[in-house]
Structures are given as C-alpha cells and as structure tokens.
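First the structure, in the form of structure tokens, and then the observations on it.
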Amino acid sequence: MDLRCFWIGFILLCRLSVVGFCDQDGFLSLSCGGITDYVDSNSISWVSDGPYISIGNTTTTDYIEGSSSPGVPVRFFPVTQDRNCYRLPLNNQSSLFLVRAQFVYKNYDRLRKPPTFFVSLGTSMTSTINLAINDPWTEEFVWRPVNKDALSFCLHAIPRGGSPVISSLEVRPLPPGAYQSGVGDLPTNLLRKHYRIDSGSTNGSLRYPLDPYDRIWDADQNYTPFHVSTGFNIMLSLNMSSISEIPPAAVLQDARVLARRDVLTYNLALDTLGDYYIVLYFAGILPVSPSFDVLLNGDVIESNYTVKFSEASALYLTRKGVQSLNITLKSISFSPQINGIEVYEIIDIPPEASSTTVSALQVIQESAGLDLGWEDDPCSPTPWNHIGCEGSLVTSMWLSDIKLRSISPAFGDLLDLKTLDLHNTSLTGEIRNLGSLQQLEKLNLSFNSLTSFGSELVNLANLQILDLQSNNLQGIVPDGLGYLEDLHFLNLENNKLLGSLPQSLNKDGLEIRTSGNKCLSFATMTCNDDSTSTSIETPQVTIVPRKKPHKDNHTSVILGAVGGALLILLVVSLSVFVYTRKGRDEATYAERSAIEMRNWNAARIFSYKEVKSATTNFKQVIGRGSFGSVYLGKLSDGKLVAVKVRFDRTQLGADSFINEVHILSQIRHQNLVCLEGFCYESKQQILVYEYLPGGSLADHLYGPHSQKVSLSWVRRLKIAVDAAKGLDYLHNGSDPRIIHRDVKCSNILLDKEMNAKVCDFGLSKQVVHADASHVTTVVKGTAGYLDPEYYSTQQLTEKSDVYSFGVVLLELICGREPLRHTGSPDSFNLVLWAKPYLQAGAFEIVDESLKGTFDVASMKRAATVAVRSVERDALQRPTIAEVVAELKEAYSIQLSYLASCDM
C-alpha cells in the first residue's frame, strides 16, 4: 500500500470530521491492576483502573516459567463477593459505545487453575469467560445506553470457578447511527462481537489510528477460501455517505476477489447458539461493477447486488437461532468481491427496575448505616444480596439479623413486594410505613421489640402469612386483621397481648398461634397475670367436592364433541382462505392507503426522495427517541421542519401507521407540535413536524450551554401552563382521547418567543371508548418520570401523564433532573427528595437562580399542585384540567407581584 497516499487521505478525513475521534476524544483505556500511566505503541494513553473500582487485589503475571518478558498487570477478585463492578463515565456527546475487555491468567497465582466466571454489561449477563480454553481472552461489545452517564461492567464469580481476573478495559465512542438495525433505538439489546474481518488483508490486525474508533479488524488469511487478490493500493475518493459505521479507509482499500470463479464463501463457526447481526462492506475499488447474489446459510438474502465503481456500501443482515454462518457471494456478472465483515451476537438487555424502587432501596441501605453492596440495578444481571425479583420487579426482601431499628418510610415505595422478612432486625415501637404494599403476601416481623400493631396492617389486602411472634406487642388484637380474606396463618406467640380475639378471626382456613400471651382466646373470660393460653386448635378447612356429572349428560358430551370438531374444521378453512388472500391484498394495500391519506387533505404527502433532499440525506440529527431519530430538514419553500424516521425495529403495521397519521393530521392546537406531513413508501415510515428553534425545556435547564438564568419563575410558569394546556387538549379535546405516556422536559419544545409545545405524542395510546378508564399496555416511558402505579399494574390512564407532568413541575421548581447519582441516597430521586420539603412549605430547595425573584404565594400554589400530581395513588392526583387552572392562578399571582415591584 502507498503509505503516503493513505496518510494524506486519512488526514483529510479527520479534517472533514468524517471521523470524530482522531485525537482519542472520549477514549477511556484502563490498565487493570496497573499503577502507572503510559502510552502504548499505537499511541493510545492508558491509565490505572484504581479510580474506577474499590475492590479486588492487584498483581502481575511475572510468574510465567521460562519467560523473560515483563509481567502483565491484572486485578483479581476473591470469590467472597458475587458481583465485582467497574463504574465508568460515559462521554455524553456520543450515543453508542464500544466496550472491550481482556482477561489474562498466565498462572499469576502459581496454582495452575485458570478461572471461569461471568461478565455483565449494564443489566445484561453477556458472556462466560473460561481461561482454561483461551488465555488471554478478549470480549468486545457494542452498546447504546439510554439516559446513562456511566456504565457498569461487572465480573461475577461462579461457585468453584476460581477468582475472576481482568487485565484491561476500554471504552470507545462509535459513530452516531452505526449498527442501528442490530442495536436498535430501544434499550432492548446489545451486540457481542464474534468476527471483524478485513477481507483481503494478510498484514495482521488493524486498529487505531487506522481505525479512528479503535475497532480491531483481523486479517483474512485464517478464513476460507485461502486465495486472496490484493494490490489495490491507491487512495480512491469513495462515496461513503450510506455507511453510518464509517469503516476505515484501510479496510475498504483491499478486498477478497475471486478471479475466474463464480462463488466466494466464508464459513464462520460461532461459539453460541443464538441470534446474529451481520454487516458486509463493499467498495468499488475496481473499474468494473460486479453483480452477485448474497446468500446466508443457503438462503438468498439479496439478489443481484451490485458494487458500483468509486462507491462504498453495506448490507445489514440478521439470522436467528444459528451456531454457524455460511456467507456466499454467487456471481452474476464479473467476479464477486467483499471488503469487510462484522458478525455480532444479539444479546437481550433485561429492563431495569423502576427508579423509585432503586432510590428506596438505597435509602434503606443508607438509613441503616450498612454497606450491603447494593449498586446499579437490584434485579439484573443478578439480584442483589437480600433481594428477590420477578423480571425487573423487586418482589422479595430478606433483611433478617440486620439492625434496622425502625421501618423506614422508604419501605412504602417498594410497591411490588410480595415477601418481606424483617425478623430479628431490632425493630421497636409501632408497625408503620407498610400500608402501601398492596401486593404483600408474606410478612415476617418476628423476634423484634415492636409494641403496637399500628393502623396499616389491615390495608394489606393480599396478605397470607403474618408472623409477629416474640415481640412486645401489647393490648388487644385489631379486629381488621380478620377481614384480610387471604390470611391463612397468623403467629402471635410470645407477646404481651390479652383479652378476647376478634370474632372476625374465627373462621375456617385460618391458623392462629397465641401461646405465650396473657389469656388470649376467643372465649370471654377473666384473666389474671399468671394465666397463659395455649395455642388454639387449628380450624378445619371445609372442602366442597365437585359435583359428578349425571349419566344423562353423555349424549350432550358426544354432541358437544362433534360440534367442536366441526367448529375446528370451519376455523381451519377460514384461516387458509385468509392466508391465501392476504398475499393478493398486500400488493394493492399501499396504493389504497395512499389514496385514503390524500383524501384527508390534512397533511402533505412527501416522497422519500423529497425527504432525503430536505434533510440532505439525513445529515443532521437533532434528537433521538424510542421511535428512531429526528433530523433537521428544509423544505423547498425554505421552511424548516423536524423529520422523525422510524427504524425497522419500531415499524408499525401498515394499518397502524395509517391510523396514527390520520389522527395526528387532525390534531391542531397552539401548544402541540404540528404535523406538517408524512412519507409512506416501501419500508419507510416518516413523520414531518414543524421545527421549533428554541430547543427543548431540558436544553434550557440542563444543556451544555445552559440558559437557566434566563428562565425566570414567570417564564417557567408560562411554559408549564402552555404544556399543561397541550396535554389537556390530548386528554379532553381530541377524539379519540390520547394519553401521551412519555411526558418529560425533552418532549416540551419552545419556539423563538419561548412559547411551549408538547411533542412526541405520535407514540401515544388512544382511549377509544368514552367510558374507558385505562389502557393495558407494556410499560414504556422514561426513568424518573414513570408513574409507579402504571409501572406496577401496566394500566395506563390520563393520571399517568399527570404524574409525569408533576415531575416536570418539580424540575422547574428545583432546577434539577429527576434522577442523579451524587449526594446522599435520599436525594437520588427528585420526587422522594422534594416532596417532603414542598409539603412543609420549605422552599430552600427551590432553584438557586430563582431565589428572591418569586412571590411566595405563587410558588406555594405551583408546589402544591406539583406535589399532588406525584401522589403514589392515582386517585389522589388532580386531572390535567385542574392542573391548568392552578398553574394559571400561580402565573397570575407572579405577574401581579412583578407589576408591583416595577411600580
């Protein structure tokens, strides 16, 4: 290769900002166990991992017999701890990251027992490391964090697997939009690298600075077939606008080309049965344009694919449930060629526990003065110590033998608990702060020093087992316990209770133990201090047997069976008919849909060509969401627009998309972002909205060029009133009614006059029936804004929007984000932190930039409606119409205050 030409081209690429990290911007390279910083032969700067982890022991691998090379630093973790985690800061300017780790054993401990352990990234258990198979072992992942300022990379010990060990850990920002159809724009999966091949190269691996994103590309000589055509050593001006991954020029400059043969094949073994994502790179570096079919495991994936001269392109493929890949290029004209291959395993990312739950657990840990090792997510990739989960829900907690002394109010936020064991935790006083745990089935408070039942136990509607033995409970047993319909075991032994048990407890199926109390029974009797009662006899459970069918029913059964068979036959026939007709209907569906949409006369229909031209081939990303990306566009008349493009993973069905556009096209309100038009062509679902130059409310509160000072209290109130009016229209003014379900600061946009409009309600849920109270749906939303009741029940109502908007109000008042990881644990969650202050009228938590500029009555009005909006019980929250009225009043009070100040 002509190195002079290459370096000239590389420098030009850097200057043109095609690659964004030529100077290692955003790189983090940790020498695990190392104590000195250094720069390696690739000019990459390495630092010690000490600041990023507080556990583990360090050593070097200098015990290799017969080796004269210096030892490699390593960090190893004794097996006494299950989860050993690095917490690494992320460059927030990037949305996609490469994470690479190397694990080395090399007999550093002289035991000749290479360890086996698990590795996790975020909430996902990603791989098993077995250093008896490969030493060293490298793992690499592509990961798109959502609303994260740090990543958690953990090593998990396996019983009898030895001590986990690691030698290096690297984080690299990747090009925006890269690997999109593999990672997706929802936080549902990550990619684990299996192969990255520089096809046609025999010169060893390639990485930084040749690849400015520091991806490691392996040479091609180890892959079949062996014959390689090389020698393409000129720097061509390749058009790479269609490749978001921005592969390095050095990869595109050589290729595997088969001369005088019509089939090119790669056989790639995979170590795991799973789903895989494949990227194939092609570059027109020959003065011909070969065409070929692309086959994956024998199936034609792309027919008559053409590599055009001086253009670069890529194919993105997926394959599910495979353990090997056969990639074949079958010639149509000229010899097939390929320049690069990447193969990734698609790994699911479990959903995270709710932010309310995490904050509550951290408060419990802090208030008890304990270090329980509770970091990151309590349920995934493995549950915390003392915690049990069902999916992302914390449903069990065992804190026995830990000195809590009192039941913290934070327990009341663990709304999904079914089992709570606090026996022998030094609890005193009244049983409290548990009344909200409506899912609780088993409660063990035994062997403490509790003195009173309190008033909340009777609210635990699903309680089945209640163990209160060996406390100091005094007085009489509450009558309300007998009305807990599912209660079947109640242990009151060894307390100081006396008198008659409530008759409500005298029922079949309930076992009560009362020994060790003073004369406690159902009988009315005179008690003395020396009398004790024995355990009352367990009532017999009455079982009602099923009725046996009468002999005359045989005929009915036979007739029913015959009828059922005929019904099944009819259903099968209809299914076959529908299936065969579906293929015929699909061909004309798009045409009919386009005609229907044109008849609405409500929104402009754009061609895909017009959209590409307006966005300059989707050049400038101005936002991202669960639907995909938003691009800045400019129409032919000069009007600026925001173009929202749905990615493949979030494509709606044709009828759903048409229905959504139809509804959006009819929504016109001054406080809702207006739909300008749409594009609906093959595999394209694009919505075109008006562009608001003022950015989002989040930009003004927290953006890199924050303008918090310019957001006075009266301006914040005006923004809040505008946004609330927009939501009020969705809830009460549109038909059908619409629930937004992702209300947050970043979905409140501002025009140049700072008027607010709500956006992103295209992903909303419609309430079709006027009398419907909720929509049952998979939980979606943004951490910190999610209604805890919606999270638990999956029943979405307008009050869920009210909760999220209440969080926005708290942000406007306090000037801080809903979730943060600095300060004390009880301040992590904005709702849990701010609510007690504002309820008490303590305005010292108000944003510093607002101090001395607001009328107290105005602030109190806004704070009161904010606190009511974030009540845990949706029935206690106001409607959005009531919120609008209260905010208007607060706004009016503040205007009067300002007017009086100017006089």
Side-chain angles (χ1 to χ4, degrees), residues 1-3 5-7 9-10 13 18-19 21-22 41-44 98 100 138-140 142 170 172 174-175 178-179 182 191-236 238 240 242-259 264-270 276-286 290 292 294 307 311-317 325-329 335-344:
M1 181 182 292
D2 188 334
L3 290 178
C5 291
F6 169 75
W7 282 111
F10 177 70
L13 286 174
V18 175
V19 292
F21 303 98
C22 296
S41 58
N42 293 309
S43 300
I44 296 176
L98 179 150
R100 181 166 53 234
T138 300
E139 287 285 343
E140 187 175 306
V142 173
E170 303 164 80
R172 308 285 188 255
L174 289 174
Y179 308 103
L191 303 178
R192 177 191 175 209
K193 191 201 90 171
H194 280 251
Y195 292 96
R196 188 180 293 116
I197 306 170
D198 181 5
S199 297
S201 170
T202 58
N203 296 325
S205 63
L206 176 158
R207 64 177 300 181
Y208 183 87
L210 296 180
D211 186 330
Y213 298 96
D214 197 24
R215 291 165 293 196
I216 299 176
W217 298 79
D218 296 320
D220 201 16
Q221 68 265 24
N222 294 326
Y223 304 98
T224 59
F226 181 76
H227 175 71
V228 176
S229 276
T230 61
F232 310 113
N233 57 3
I234 56 175
M235 179 64 188
L236 295 173
L238 291 170
M240 293 197 298
S242 63
I243 307 181
S244 300
E245 291 71 25
I246 314 179
V251 170
L252 298 180
Q253 282 179 313
D254 51 30
R256 181 188 291 276
V257 179
L258 292 187
L264 187 158
T265 299
Y266 281 85
N267 290 304
L268 306 178
L270 305 170
Y276 287 85
Y277 174 65
I278 305 103
V279 185
L280 308 180
Y281 296 100
F282 305 93
I285 56 179
L286 289 174
F292 44 84
V294 180
V307 179
E311 288 189 6
S313 60
L315 276 180
Y316 304 95
L317 314 173
L325 289 175
N326 177 287
I327 301 171
T328 297
L329 310 181
S335 296
Q337 71 162 76
I338 190 168
N339 297 70
I341 299 174
E342 292 187 85
V343 177
Y344 296 93

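In summary, of the residues considered (Leu317, Thr265, Ile278), a side chain to side chain contact (heavy atoms under 4.5 Å, CB included) with Ile327 occurs for Ile278 alone. With Tyr266 as the partner, the side chain to side chain contact (heavy atoms under 4.5 Å, CB included) test is satisfied by one option alone out of Asp220, Leu329, Asn326: Asp220. Among Val343, Val251, Leu268, the single residue meeting the side chain to side chain contact (heavy atoms under 4.5 Å, CB included) criterion with Ile197 is Leu268.
Panel note: side chain Tyr281, backbone Asp198; no donor-acceptor pair is recorded below 3.5 Å. With Glu245 contributing its side chain and Tyr179 its backbone, the two residues share a donor-acceptor pair below 3.5 Å. At least one donor-acceptor pair closer than 3.5 Å links the side chain of Asn339 to the backbone N or O of Asp254.
Considering all non-hydrogen atoms of both residues, Tyr195 and Ala269 come closest at OH-O, 2.5 Å. Heavy-atom minimum distance, Leu264 versus Pro336: CD1-O, 3.8 Å. The two atoms that bring Tyr208 and Ile44 nearest to each other are CD2-CG1, 3.8 Å, heavy atoms only. In plain terms, the two heavy atoms of Asp214 and Arg172 that are nearest each other are OD2-NE, 2.8 Å. Of all the heavy atoms in Ala255 and Ile285, the pair that sits closest is CB-CD1, 4.2 Å. The shortest non-hydrogen separation linking Pro290 to Gln337 is CG-OE1, 4.1 Å.
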TODO: For Glu170 and Arg207, run salt bridge (charged side-chain N to carboxylate O under 4.0 Å, His left out): C-alpha distance rounded to whole Å, both residues' side-chain angles, the deciding distance at 0.1 Å, then the answer.
DONE: CA-CA 13 Å; Glu170 303 164 80; Arg207 64 177 300 181; 3.2 Å; yes
TODO: Quick one: do Lys193 and Thr138 satisfy side-chain contact (heavy atoms from CB on, under 4.5 Å)? Show the steps, please.
DONE: CA-CA 10 Å; Lys193 191 201 90 171; Thr138 300; over 6 Å; no
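Expressed to the nearest 0.5 Å, how far OH of Tyr276 lies from CZ of Arg192 amounts to 7.0 Å. Distance CG/Asp218 to CD1/Ile341: 11.5 Å, rounded to 0.5 Å.
Residues passing the side-chain hydrogen bond (donor to acceptor under 3.5 Å, both in side chains) test with Tyr344, sequence neighbours excluded: Arg196, Glu342. Listed by chain and residue number, Ser201 satisfy the side-chain contact (heavy atoms from CB on, under 4.5 Å) test with Asn203 (two or more places apart in sequence, or in another chain).
Side-chain atoms of Asp211 and Leu206, non-hydrogen and from C-beta on, do get closer than 4.5 Å to each other. Leu98 places a side-chain heavy atom less than 4.5 Å from the side chain of Glu140.
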